J.: 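This is the structure I want to talk about, given as C-alpha cells.
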Amino acid sequence: MARRLIRRVAAEDLRKDLSGKTYIVTGSNSGVGLETTRQLITQGAHVVMAVRRPEAAQEAATGFEGLRGSYSIENVDVSDLASVRDFTERIRAQHPRLDGLVCNAGGVMFGSEAKYSKDGLEMTMAVNFFGHFLMTELLLDLLTKTKGSRWLIVSSVVHAGSPKNRPQVHLEDLAHKERSYNGFSAYADAKVAGVLYAQELAERVGAKGPFTASVHPGWARSNFGSGGNAMIRAAMALMRPFTRTMSDSNEDSAQTSLHVLLSDEALQYPGAYFSQSSVLYRDPGYRNGGWPTETPNPHARDMDVARELVRCSRDIVGL
Ligand SMILES: NC(=O)c1ccc[n+]([C@@H]2O[C@H](COP(=O)([O-])OP(=O)(O)OC[C@H]3O[C@@H](n4cnc5c(N)ncnc54)[C@H](OP(=O)(O)O)[C@@H]3O)[C@@H](O)[C@H]2O)c1
C-alpha cells in the first residue's frame, strides 16, 4: 500500500528559539496536546499545561526532563465555565505575556444519550467549544498585548461531513436541548464551531490581535474517546488494531498545530483551516489536507453564521 502523505513542520521552524515565550496548551497531558507541548518546551518555551487531571500531567511531564524550556501545571476543567474563569484569573496574575493559546482539549464523544455540563450545556460542545471560547475571550487582551501571539483551536476532519450531510452549528439550540441526540453528530457540530470561531476572531482582531487558525491534526493514536461513555470507549478499543495502518502517531498529529504556532508562512492566512492529510475526507480532492486548505463544508465558511455564533455564545457563557 502506498504510504500516505504526512505533512511535517519545516526543519527551520523546529530550530526557532522560543525562550522567553509562554504558551498555554489545554489537554496537554495526553495525545496531540502532549506532543505539541513537548516540542514547544524542546525549543525553550514555557508551557502552561492546562489540564483537568494534574497528576496525569505530572506523570506525562517526566518525559520533559533535560529539555531547554519549562512547564507549569494548572488545573482547569474546560467543560465548567467557573473553572475556566478561575483558571484565566490565575494566568493573568502569574503571566505578563501570552505568546500562544492552544485550544486542544477534547476527544470526548458520547453515545445516543446526551450528557450535560454543570452549566447545562451539552458536554461535547461545552468541552470543545464553549470552555475554550470563554478562555479565549478572557485572555484576548493578554494575547493582543503580546506581539506576534498565535491562537489555534483543534477541530477535526469530521466537521467537513460529506456532500450529502454537512454538520452545522444549531444557533437556535446551541445547548442541544430541543433536538434528538447523536454523539457523533454533536462532536462534528462542535468541531464546526471551532472552524467558524477561528475565522470570526481573525476578522474581529485584525492585524492588532493574535494570529488565529483551526486545525485538523490527523487520525491520532491518542486516548481519544477515553473520556466518553463506556460504549464509545469499548468501540474505540475494538477498532484500534484495525485502524493502526490508517492512523498517525501523536507526534505526526501535532505537526499541524506546530506549523500554525511556528511557521512564518502560516501568518499569511489568518483565520484559516489547516489540515493534516486524512483518509476520512469524503469530498474528492481533500485527502492530502493542506496548510491551509478550504473547508469543504460551506456552513463552516459562512461568516454570518460565525458572527451569530459568537454573539449567542457571549450570552451563553455570560460575557
Ligand atoms: N485522535 C484523533 O484522531 C483526532 C482527530 C481529530 C481531532 N482530534 C482532536 O484533537 C484534540 C486532542 O485529542 P487527542 O486525540 O489528543 O485525544 P486525547 O489523548 O484523549 O487528549 C484529549 C485531552 O483533552 C483533555 N480533556 C478532555 N476533556 C477535558 C475537560 N473537560 N477539561 C480539560 N481537559 C479535558 C483530556 O484530559 P484527560 O486525560 O483528563 O481525559 C486530554 O488531555 C481534541 O480536540 C480532539 O477532538 C483528535
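A quick note: this is a predicted structure, and the numbers were derived from the prediction, not measured.
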J.: May I ask you to decide whether E137 forms a salt bridge with R204, counting only side-chain N to carboxylate O separations under 4.0 Å?
T.: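 Yes, this pair counts.
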J.: Nearest 0.5 angstrom please: L138 CG to I91 CD1, how far?
T.: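 So the gap between those two atoms works out to 12.0 Å.
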J.: Check salt bridge (charged side-chain N to carboxylate O under 4.0 Å, His left out) between E265 and all other residues, then give those that pass, not counting sequence neighbours.
T.: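 So E265 forms no salt bridge (charged side-chain N to carboxylate O under 4.0 Å, His left out) with any residue.
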J.: Can you run down the ring-ring contact (aromatic ring centres under 6.0 Å, His included) pairs that involve residues 66-89, sequence neighbours left out, and say none if there aren't any?
T.: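 Sorted pair list: F64-Y71.
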J.: Ion pair present between D80 and R52, side-chain N to carboxylate O less than 4.0 angstrom?
T.: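 No, this pair does not count.
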J.: Could you walk me through whether H132 and Y197 pass the ring-ring contact (aromatic ring centres under 6.0 Å, His included) test, one step at a time?
T.: CA-CA 10 Å; H132 285 124; Y197 183 37; 9.8 Å; no
J.: Let me know which of W291, Y281, Y286 forms a side-chain hydrogen bond (donor to acceptor under 3.5 Å, both in side chains) with S275.
T.: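 When W291, Y281, Y286 are each tested with S275, the side-chain hydrogen bond (donor to acceptor under 3.5 Å, both in side chains) holds only for Y281.
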J.: Quick test of your reading: applying salt bridge (charged side-chain N to carboxylate O under 4.0 Å, His left out), list the pairs with at least one residue in residues 157-166, sequence neighbours left out, ordered by first then second residue.
T.: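 Every pair satisfying salt bridge (charged side-chain N to carboxylate O under 4.0 Å, His left out) with a residue in residues 157-166: R166-D283.
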J.: So, Q39 versus Q43: side-chain donor-acceptor pair below 3.5 Å or not?
T.: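 Side-chain D/A pair, Q39 to Q43: present.
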J.: Identify the heavy atoms of I153 and N128 that sit nearest to each other, and give their distance.
T.: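 Looking at all heavy atoms of both residues, the closest pair is CD1-O, 3.7 Å.
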J.: Between V9 and H259, which heavy-atom pair has the shortest distance, and what is it?
T.: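 Shortest heavy-atom contact: CG2-N, 3.8 Å.
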J.: If you compare all heavy atoms of L121 against all heavy atoms of A175, which two are closest, and at what distance to 0.1 Å?
T.: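 For L121 versus A175, the nearest heavy atoms are CD2-CB, 4.0 Å.
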J.: Quick one: sort the F211 and F274 rings into parallel, tilted or perpendicular, breaks at 30° and 60°.
T.: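 Perpendicular.
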J.: List the steps, then state whether side-chain hydrogen bond (donor to acceptor under 3.5 Å, both in side chains) holds for S70 with H46.
T.: CA-CA 5 Å; S70 55; H46 177 80; 2.7 Å; yes
J.: Hey, quick one: are F130 and V102 part of the same hydrophobic cluster, counting side-chain heavy atoms closer than 4.5 Å, chains of contacts allowed?
T.: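 No.
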J.: Out of L34, I73, T36, V51, which one pairs with S28 under the side chain to side chain contact (heavy atoms under 4.5 Å, CB included) rule?
T.: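 Passing option: V51.
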J.: Please identify which of these residues, S253, S247, S249, meets the side-chain hydrogen bond (donor to acceptor under 3.5 Å, both in side chains) condition with R221.
T.: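 The option that passes is S247.
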J.: As a test of understanding, state which of Y181, F110, Y116, F129 forms a ring-ring contact (aromatic ring centres under 6.0 Å, His included) with H176.
T.: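 With H176 as partner, ring-ring contact (aromatic ring centres under 6.0 Å, His included) holds for just one option, Y181.
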J.: May I ask you to check whether S19 and D17 show a side-chain donor-acceptor distance below 3.5 Å?
T.: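 Yes, a side-chain donor-acceptor pair sits under 3.5 Å.
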